[in-house]
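What you see is a predicted model; the values in this text were computed from it and never measured. Note on naming: letters A, B, ... go to the chains in the order of the sequence lines (proteins, then strands), and numbering restarts at 1 for each one.
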Number of protein chains: 2
Amino acid sequence: MALIRSEGREFEQTSKRIPMLKISELSARTGLSTHTLRFYEKHGLISASERSEAGYRYYSDTDVRRVEFVRSARHIGFSLNDISELLSIRVDKSSHSCQDVTDITEAKLEEVNTRIAELQSMQQTLQILLDSCCGGPESATHCSIMEALEAEQEREIEQGLRSGSHGR
Amino acid sequence: MALIRSEGREFEQTSKRIPMLKISELSARTGLSTHTLRFYEKHGLISASERSEAGYRYYSDTDVRRVEFVRSARHIGFSLNDISELLSIRVDKSSHSCQDVTDITEAKLEEVNTRIAELQSMQQTLQILLDSCCGGPESATHCSIMEALEAEQEREIEQGLRSGSHGR
DNA sequence: ATAAACCTTAGAGTCAGGTCTAAGGTCAAC
DNA sequence: GTTGACCTTAGACCTGACTCTAAGGTTTAT
């Protein structure tokens, strides 16, 4: 069943003859170690669409894209389980209803939105700290995260929360 | 040195007589277990500003705010080391230069900005998936994350990246 | 004054997510 | 045809961040 490796390491993939990558090449390309790639495969997140007769993994460009998706989702902070769930979102035309798909997707989207909001709150705090510190127009008295947060709170209270929507 | 606990559990804190919290009360307030609070203390992230004679921890409102900061930073995805670094940003008027502080802060701010950008990219992908799936104007052919990503890429290429800034 | 519900510490256990090792097979070049 | 750089697997090990346990002291209500 498995296609045999020809010289130049090309499989008959999508009839375009794009060279497939060995695991160390994929590793170099994605910045994930070969250990990690095999680990992800063991956990069902990725796979190599071909194997040589000897069992060597060969990755197509589709495989590469999937690996890149996993890597960036990990980087964002999704767990392997989350990613697994994200990747499993798929309508198979009969058994799975579209409602299932949109439910999961909407839940994940909400998670993402929440995380963005929290990060923006942290962004604001850091920016205030930066502005407050030494030479900023806010004087040099606020010089730690906690002081910046307190200064932020005071300002909010004084000004009656004019522009809403920061944090908890 | 430690102030003795009076009835009603109030210490002479900021001359306002705000009741201080015991560890289980702080736990209830923050949603962090008492184990976790002691664990954070062991790692230098938080502390109780008072201890009773018997060694019970008592937390002031300043302590509480610090704990809440740690909790939300953890939730965002900062490691305990990151948080430790964030909390240590502080000018002590002589030894530490303001440049040090702003350097660290700017670095963290950049981290936060990067993470926001990545999350926004994921947000967009999920939104496309949602739009593409079953009944959306984009037809029902794209029904998985990977297909949504590919559809997104194609659209970007076709339209020559009109609005930039959705990474990798 | 005793029970129930707290609190203390030191240290062991757990889980996710890698990371590494051992023991061996494969391949390209010389 | 052998060397060195690859590849394979199973499984042991590591780190971060909790989470729990044991053994005991304290506080509050009855």
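Within the 4.0 Å cut-off from OP1 or OP2 of dT9(C), at least one side-chain nitrogen or oxygen of R51(B) is found. For T36(A), a side-chain nitrogen or oxygen approaches OP1 or OP2 of dT19(C) to under 4.0 Å. The side chain of S24(B) places an N or O atom within less than 4.0 Å of a non-bridging phosphate oxygen (OP1 or OP2) of dC7(C). In this structure, Y40(A) reaches the dG18(C) phosphate: one of its side-chain N or O atoms is under 4.0 Å from OP1 or OP2.
Remark: C1' of dC6(D) and CG of L21(A) are 15 Å apart, rounded to the nearest angstrom. Remark: P of dG17(C) and CG of L80(A) are 4 Å apart, rounded to the nearest angstrom. Residue L26(B) contributes atom CG, which lies 15 Å from atom P of dC6(C) at whole-angstrom precision. One interatomic measurement links the two molecules: CZ of F39(A) to P of dC20(C), which rounds to 14 Å at whole-angstrom precision. Summarising the geometry, the separation between CD on E25(B) and C1' on dT27(D) is reported as 13 Å, rounded to the nearest angstrom.
Backbone-only contact: R74(B) has heavy atoms under 4.0 Å from sugar-phosphate atoms and none from a base. Note on R57(A): only backbone sugar-phosphate atoms sit closer than 4.0 angstrom, heavy atoms only; bases stay farther off. At the heavy-atom level, S79(B) lies under 4.0 Å from the strands shown only through sugar-phosphate atoms.
The base of dC6(C) sits within donor-acceptor range of the side chain of Y56(B), with an N or O pair under 3.5 Å.
For the residue pair T36(A) and S33(A), a side-chain donor N or O sits within less than 3.5 Å of a side-chain acceptor on the partner. Residues T102(A) and T105(A) bring no donor and acceptor atom of their side chains to less than 3.5 Å of each other. Side-chain contact, N81(B) with E85(B): no donor N or O sits under 3.5 Å from an acceptor N or O.
Annotation: E110(B), atom CD; neighbour count of heavy atoms from other residues, nucleotides and ligands within 6.0 Å does not exceed 12.
Two residues, A54(A) and N81(B), neighbour DNA chain D, and the one matched to the more 5' nucleotide by heavy-atom proximity is A54(A).
For an aromatic pair to be called close, the ring centres must be under 6.0 Å apart, and H35(B) with F39(B) fails this.
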